[in-house]
Participant: 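Structure below; questions to follow.
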Amino acid sequence: MSMSNIGRPTRPETGVAAVAHTSLTGARGLLQDEALIFEMDGWDKTGVDFDVPNQDASDLGDLVRSAPIGLPGLSEPEAMRHYVRLSQKNHAIDLALYPLGSCTMKHNPRLNEKMARLAGFADLHPMAPQSTAQGALELMDRLAHWLKTMTGMPAVALSPKAGAHGELCGLLSIKAAHEAKGQGHRRTVLVPTSAHGTNPATAAFVGSDVTEIAQTADGRVDLSDLAAKLSPDVAAIMVTNPNTCGLFERDIIEIARLTHAAGAYFYCDGANFNAIVGRVRPGDLGVDAMHINLHKTFSTPHGGGGPGAGPVVLSAALAPFAPAPWVVSDGQGFKLLEETEGEAAQAFGRMVAFHGQMGMFVRAYAYMLSHGADGLRQVAEDAVLNANYIKAKLSAVMTPAFPDGPCMHEALFDDSWLEGTDVTTLDFAKAMIDEGFHPMTMYFPLVVHGAMLIEPTETESKQELDRFCHALILLAKAAKAGDVERFKGAPYLAPLRRLDETQAARKPRLTWRPEPTTVAPAPMAAE
Amino acid sequence: MRYLPLTPLDRAEMLGVIGVDTIDDLFADVPAAARKADLFDLPLHAGEMEVERELSGLAAKNRPAGAGPFFCGAGAYKHHVPATVDHIIQRSEFLTSYTPYQPEIAQGTLQVLFEFQTQVAALTGLEVANASMYDGSTACAEAVMMAQRVTRRKKAVLSGGLHPHYAAVTQTIAHAEGMDIARQAVAIDAEAAVLSAIDAETACVVVQTPNVFGVVTDVTRIAEAAHAAGALLIVVTTEAVSYGLLKPPGEMGADIAVGEGQSIGVGLNYGGPYVGLFAAREKFVRQMPGRLCGETVDAEGARGFVLTLSTREQHIRREKATSNICTNSGLCALAFSIHMTLLGERGLRELAALNHSRARELRDALAAVHGVEILSPRFFNEFAIRVPGRATQIVEDLLADGVVAGVPFSRLDPKAGMDDVLLVAATETTTRDDIAAFAKALHTRTAR
Amino acid sequence: MRFTKDHEWVALEGDVATVGITAYAAEQLGDVVFVETPEVGKTVKAGDGLAVVESVKAASDVYAPISGQVVEANAELGDAPETVNAVPESGGWFAKLKIADKAEFEALMDRAAYEDYLGTL
């Protein structure tokens with residue numbers, strides 16, 4: 001035989017001690033220790049090539065900036081690497097279940113991305129002549145039709161840019177409606193203790209006083225407390241349904257009746273619409289206004305914090321006060337009513353420049369068309385089924401905050417099962433990171449001690465749910481077995497360990513600034 | 001349904017684990033009167049091909065800006081976005097992640113936000129910037145409310161050159177919170193007219209440069225007057241590329257600078273999503289709205305970034321928050337930041353110079369058309385012209401020649417009595433042929 | 001030194017009352033990162049908001065335990081909010097108030113009463 005013994009070993013070395021290992025450079029294998037763009041000496045670089053202007057001098061005299069701006073540049077390969085390296089330090093829904101309760105982290109279909117990038121939508125100017133934007137207006141009109149049909153409401157304001165912006169739109173509609181009836185003195189907004197922080201913040205934003213409504217032991221609005229607080233000063237009640245405990249407000253119709261009887265309007269926070277889409281129409285519950293987070297229920301990507309879109313459906317009582325602009329159709333074509341006059345004379349004003357989040361409208365409409373009436377109903381059913389499955393499986397080791405009866409699209413646990421372990425909700429969540437999962441929403445809603453709110457959404461397979469539950473059950477057992485180190489120091493395996501938020505807040509450093517060079521740099525040591 | 005992984009068998013098995021018989025049992029809390037047994041009157045599910053066909057059909061009814069000579073601006077601008085930008089923002093880790101609440105597994109997003117904040121601060125000439133607002137118009141309204149918190153005064157003076165939509169949004173939102181909005185008469189070149197409205201009750205003065213008519217103004221004197229009265233100066237910019245050429249707001253005395261970042265990295269999108277830029281003096285940081293990313297260290301001393309000063313925000317401060325904003329425009333901020341990194345200072349200055357140059361070529365070409373008057377004396381890449389007749393009609397007429405001539409000012413503000421004023425913009429995407437086609441079509445139309 | 005159920009303390013010297021938060025409160029808040037102290041000259045009634053104290057995760061209002069006019073605010077807290085954690089009942093004071101009614105002071109809990117009260121929480 002001709003024997004070649006050239007080559008590398010093809011099995012791992014045996015007998016290497018399993019010790020914690022650190023690299024010499026700060027990298028962790030594929031994870032690079034990536035500098036800031038300001039630290040890469042790109043002060044005269046660019047990754048874009050331009051024509052030379054034929055008039056390079058400006059005629060603007062001293063209106064022109066003179067001092068350097070302080071912006072580094074990178075060539076295209078360097079830029080690509082910088083951002084791809086950074087991307088690898090992020091968790092994402094495309095990597096694993098992302099169980100943030102209240103946030104509805106579901107799969108983002110790529111067809112929707114492709115559609116939003118069609119030149120007819122992406123390269124369309126908001127002030128292009130309306131005769132050249134008929135397809136866009138038609139799409140807005142169809143999206144509005146779907147939203148109105150699914151909610152059983154007669155009108156929708158499309159322009160709000162996110163959920164909180166939609167809340168503002170809803171409360172401003174309510175304020176305008178009260179003023180039109182000579183009821184402008186109504187300034188109180190009732191908000192349950194379990195509400196999203198945006199609800200009281202929005203109410204304060206429109207100059208209202210916020211009064212909290214108590215919650216019952218089974219996690220619902222306390223009707224007697226509500227009745228006691230409904231006075232002639234109340235402008236509106238803001239209720240999330242299903243609520244932030246993941247429960248359907250059983251008395252919702254009575255809540256609406258009491259509210260209307262007191263002359264107030266019912267604002268519903270629609271953040272959790274995913275649980276009931278296709279099965280329940282908010283209009284049948286007595287809702288006067290509700291925002292719909294297109295970035296939750298209708299799956300437009302969260303993009304690391306936005307953009308979203310928050311159209312608001314409105315009852316007949318509020319519809320005349322919707323903000324400009326509106327799309328109208330005369331059978332010949334579509335038209336935008338952009339001013340608060342004519343048909344829109346009662347509009348309370350304008351929420352945004354232009355007409356709202358068209359890019360999100362396209363994605364959401366593509367999502368709706370893909371699912372259809374049947375698919376959307378299945379969305380709600382599977383979302384609720386998945387959450388109840390998690391609740392059932394995890395109840396063996398964790399304590400559900402509301403054990404009796406089903407939950408809707410999210411399962412809420414408290415921290416009483418951690419009592420005596422010296423492990424907190426935060427520690428437990430951070431240990432989930434080491435097991436490959438994003439933590440659930442923690443310490444919210446405020447009404448449940450050490451809350452852990454898990455929302456799986458309908459786009460998780462049973463296998464992924466089982467994998468998730470398996471990991472949490474192992475962790476729960478470890479916590480109860482006294483393996484405290486696993487939690488207190490977690491995460492160990494993430495790109496970074498726990499961060500010092502105290503230092504960040506005490507001495508805020510919000511922008512990069514060159515290090516003061518008071519000391520001359522030391523000569524480079526010989527390699 | 002291709003997006004739903006559960007099989008009928010899975011569902012049956014899961015119902016068993018839960019201990020109920022049917023899915024309806026899980027909806028038992030819904031009042032019977034509100035349970036819909038039937039499907040809604042909407043189409044059934046559709047495959048990718050069908051959806052694509054329908055949406056492509058709608059898209060085809062629109063004329064994209066890139067389809068021919070195109071001169072619309074007025075707060076949104078057609079610019080070239082490098083291919084790299086769209087590739088990177090579609091990476092799963094950026095596209096499909098949430099707000100970076102868990103910094104250990106969100107350093108990608110957080111470092112980008114820190115870089116974005118630094119870029120915005122540098123561009124505006126101010127010390128701190130936030131991690132984005134929805135768009136320029138809502139950033140403007142938020143700035144006015146921030147001035148109210150800083151000064152504890154109620155009056156805001158808006159210039160007549162402020163984009164009418166920005167004025168309307170500010171009027172709608174800030175007025176609801178109890179502010180008095182004093183908007184000056186619409187004027188092409190009179191930012192300084194705000195001076196006469198400043199008094200001891202004034203919380204802030206809002207000016208725009210370049211303004212909605214494209215006019216560039218040195219607002220240093222306005223800043224001095226505002227400060228002398230104890231008010232803040234807010235400077236609005238709707239064309240972010242202009243930061244590459246013009247003296248920045250901070251250098252002219254602005255306390256808060258807000259801008260629309262759409263021009264850099266984002267695209268037109270028929271009005272949204274866009275990205276609001278928001279920068280301020282460091283001493284006001286605790287009154288700023290929106291998320292802020294800050295530098296810190298982890299348990300092993302490694303540098304890292306976190307969302308910080310969160311006690312200003314709605315999820316902690318609730319009704320005492322500085323704003324109700326939660327979701328912002330993170331992915332657009334990423335696109336802005338990538339594009340800005342590709343440009344760098346050199347590229348941005350070149351881009352700005354090119355825009356300014358093309359706009360002056362356009363001015364020269366249009367000035368030669370009989371009956372056309374150039375109204376903006378100093379401009380960056382956009383200016384106002386007076387046309388013989390109604391601007392809306394001229395725009396419709398020129399469409400027949402394949403030219404999208406610009407934005408009639410009356411569409412932004414029909415009550416201003418400027419029916420013959422047309423706003424026209426040129427950018428690096430405008431070719432000499434485009435300019436020639438516009439001038440020719442306008443000449444033919446006006447000679448009629 | 002006297003105390004309130006909202007965990008503020010008051011020390012009186014002549015007609016000037018020094019106000020801060022108790023060691024118990026500082027411990028419960030965790031790391032203090034920012035204190036918004038009142039403007040000198042501001043007049044407050046007992047129970048009015050006097051200052052805001054922030055940790056990373058919470059912002060809490062500090063109420064005036066006693067009526068009076070602010071004559072001095074603790075400027076040190078601007079650069080060193082951690083003083084509130086280190087020495088809450090001395091160097092971590094928030095404001096000094098010139099008071100009119102000494103009876104308000106006398107009506108507050110003394111240390112023994114406050115400690116009894118803490119025992120009930």
Side-chain angles (χ1 to χ4, degrees), chain A residues 46-48 53 55 70-71 73 83 86-87 89-94 115 118-120 123-127 132 135 161-162 164 197 200-202 204 206 210 248 284 301 303-308 349-350 353-354 357-359 369 372-373 375 389 392 406 461-462 494 496-497 504 509 511-512, chain B residues 1 5 10 14 26 29 34 39 42 44-45 51 55 58-59 61-64 72 88 91-93 96-97 99 104-105 107-109 118 122 134 137 165 168 172 176 269-273 294-296 298-299 304 308 314-315 318-319 321 324 327-331 342 344-347 357 407:
Chain A
T46 183
V48 186
Q55 299 165 289
L71 292 171
Y83 292 103
L86 288 181
S87 75
K89 301 181 184 198
N90 272 2
H91 188 80
I93 184 68
D94 287 346
M115 294 300 96
L118 292 171
D123 192 31
L124 185 60
H125 190 283
M127 289 285 120
T132 67
K161 295 230 162 196
T202 304
V206 300
V210 177
F248 197 92
D284 295 335
R350 172 178 274 280
F354 313 126
Q357 306 285 65
M358 184 66 185
L369 289 178
Y389 182 68
S461 67
K462 181 171 173 297
L496 285 182
R497 301 286 304 280
R509 285 171 64 114
T511 54
W512 177 85
Chain B
M1 212 287 128
D10 288 336
M14 290 163 71
L26 299 180
D29 287 333
L39 292 180
L42 292 166
L44 300 182
H45 69 272
V51 175
L55 283 161
L58 289 172
K61 294 181 186 175
N62 304 321
R63 186 197 130 125
C72 292
I88 293 171
R91 277 194 69 92
S92 292
E93 301 90 332
T96 77
S97 56
T99 302
E104 300 88 348
I105 46 173
Q107 284 300 305
T109 294
T118 307
Y134 306 133
S137 67
H165 284 180
T172 299
N269 298 320
Y270 201 51
E295 183 183 327
T296 187
D298 80 351
T308 191
Q314 47 78 26
H315 60 287
R318 298 177 79 86
E319 70 268 24
N324 70 339
T327 291
N328 57 20
S329 207
L331 200 72
L342 282 165
E345 180 144 353
R346 208 176 97 195
S357 166
V407 179

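Reminder, nothing fancy here: chain letters follow the sequence lines and each chain counts from 1. Excluded from the calculations below are hydrogen atoms, water molecules and symmetry mates; all remaining heavy atoms, backbone and side chain alike, are included. As the structure is a prediction and not an experimental result, all values here were calculated from the model.
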Participant: Give the member of A:G304, A:G47, A:G120, A:A504 that has the highest number of heavy-atom pairs under 4.5 Å with chain B.
Facilitator: A:G304

Participant: Which heavy-atom pair separates B:D10 from B:P5 by the least distance, and what is that distance?
Facilitator: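 B:D10 and B:P5 have their closest heavy atoms at OD2-O, 4.0 Å.
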
Participant: Can you tell me which portion of A:L118 sits under 4.5 Å from chain B's heavy atoms? Options are side chain, backbone, both or neither.
Facilitator: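 Side chain only.
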
Participant: Go through the atoms of A:M115 and report whether side chain, backbone, both or neither lie under 4.5 Å from a heavy atom of chain B.
Facilitator: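 Contact with chain B is through the side chain of A:M115 alone.
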
Participant: Can you tell me which of A:R509, A:Q357, A:R350, A:M358 forms the most heavy-atom pairs within a distance under 4.5 Å of chain B?
Facilitator: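 Answer, by heavy-atom pair count under 4.5 Å with chain B: A:R350.
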
Participant: Would you mind checking which part of B:L55 comes under 4.5 Å of any heavy atom in chain A, side chain (CB onward), backbone (N, CA, C, O), both or neither?
Facilitator: both

Participant: Heavy-atom pairs under 4.5 Å with chain B: which of A:N90, A:L86, A:L71 has the most?
Facilitator: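 It is A:N90.
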
Participant: Among the options A:G73, A:A392, A:A164, A:G349, pick out the one with the most heavy-atom pairs lying under 4.5 Å from chain B.
Facilitator: A:A164

Participant: Which heavy atom in A:P307 sits nearest to a heavy atom in B:L331, and how many Å separate them?
Facilitator: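 In this case the closest contact between A:P307 and B:L331 is CD-CB, 3.9 Å.
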
Participant: Step by step, would you call A:L496 with B:I105 a side-chain contact (heavy atoms from CB on, under 4.5 Å)?
Facilitator: CA-CA 7 Å; A:L496 285 182; B:I105 46 173; over 6 Å; no

Participant: Report the option among B:V407, B:T99, B:L26, B:T109 that has the most heavy-atom pairs separated by less than 4.5 Å from atoms of chain A.
Facilitator: B:L26

Participant: Is chain B contacted by the side chain of A:A204, its backbone, both, or neither, given a heavy-atom distance below 4.5 Å?
Facilitator: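 Contact with chain B is through both the backbone and side chain of A:A204.
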
Participant: Hey, mind stepping through B:S97 and A:I93 against side-chain contact (heavy atoms from CB on, under 4.5 Å) and telling me if it holds?
Facilitator: CA-CA 6 Å; B:S97 56; A:I93 184 68; over 6 Å; no

Participant: Please state whether the side chain, the backbone, both or neither of B:M14 comes within less than 4.5 Å of a heavy atom of chain A.
Facilitator: both

Participant: Pair B:H165, A:M127 - check side-chain contact (heavy atoms from CB on, under 4.5 Å), show working.
Facilitator: CA-CA 12 Å; B:H165 284 180; A:M127 289 285 120; 3.7 Å; yes

Participant: Passes side-chain contact (heavy atoms from CB on, under 4.5 Å), B:R91 versus A:Y83? Steps please.
Facilitator: CA-CA 10 Å; B:R91 277 194 69 92; A:Y83 292 103; over 6 Å; no

Participant: Select, from B:Q107, B:E104, B:M1, the one with the greatest count of heavy-atom pairs under 4.5 Å involving chain A.
Facilitator: B:E104

Participant: Sub-3.5 Å donor-acceptor pair from the side chain of B:T118 to the main-chain atoms of A:T511, do we have one?
Facilitator: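 Looks like no, no N/O pair under 3.5 Å.
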
Participant: With a 6.0 Å cut-off on ring centres, are A:H125 and B:Y270 close enough?
Facilitator: no

Participant: Identify which part of B:T308 has an atom lying under 4.5 Å from any heavy atom of chain A, answering side chain, backbone, both or neither.
Facilitator: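 Contact with chain A: side chain only.
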
Participant: Quick one: of B:A59, B:S137, B:A168, who has the most non-hydrogen atom pairs under 4.5 Å with chain A?
Facilitator: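 Option with the greatest count: B:A59.
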
Participant: Among A:A494, A:S87, A:G70, who wins on heavy-atom pairs under 4.5 Å with chain B?
Facilitator: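 The residue among A:A494, A:S87, A:G70 with the greatest pair count is A:S87.
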
Participant: With a 4.5 Å cut-off on heavy-atom pairs, point out which of B:G294, B:G304, B:S92 contacts chain A the most.
Facilitator: B:S92

Participant: Pick from A:K89, A:K161, A:R497: which one has the most heavy-atom pairs with chain B under 4.5 Å?
Facilitator: A:R497

Participant: Ignoring hydrogens and angles, tell me if any N or O in the side chain of A:D123 forms a donor-acceptor pair with the backbone of B:P64 under 3.5 Å.
Facilitator: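 No; judged by distance alone, with no hydrogens or angles, the pair does not exist.
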
Participant: Is it the case that the side chain of A:T46 and the backbone of B:L342 share a donor-acceptor pair, with hydrogens and angles ignored and the cut-off at 3.5 Å?
Facilitator: yes

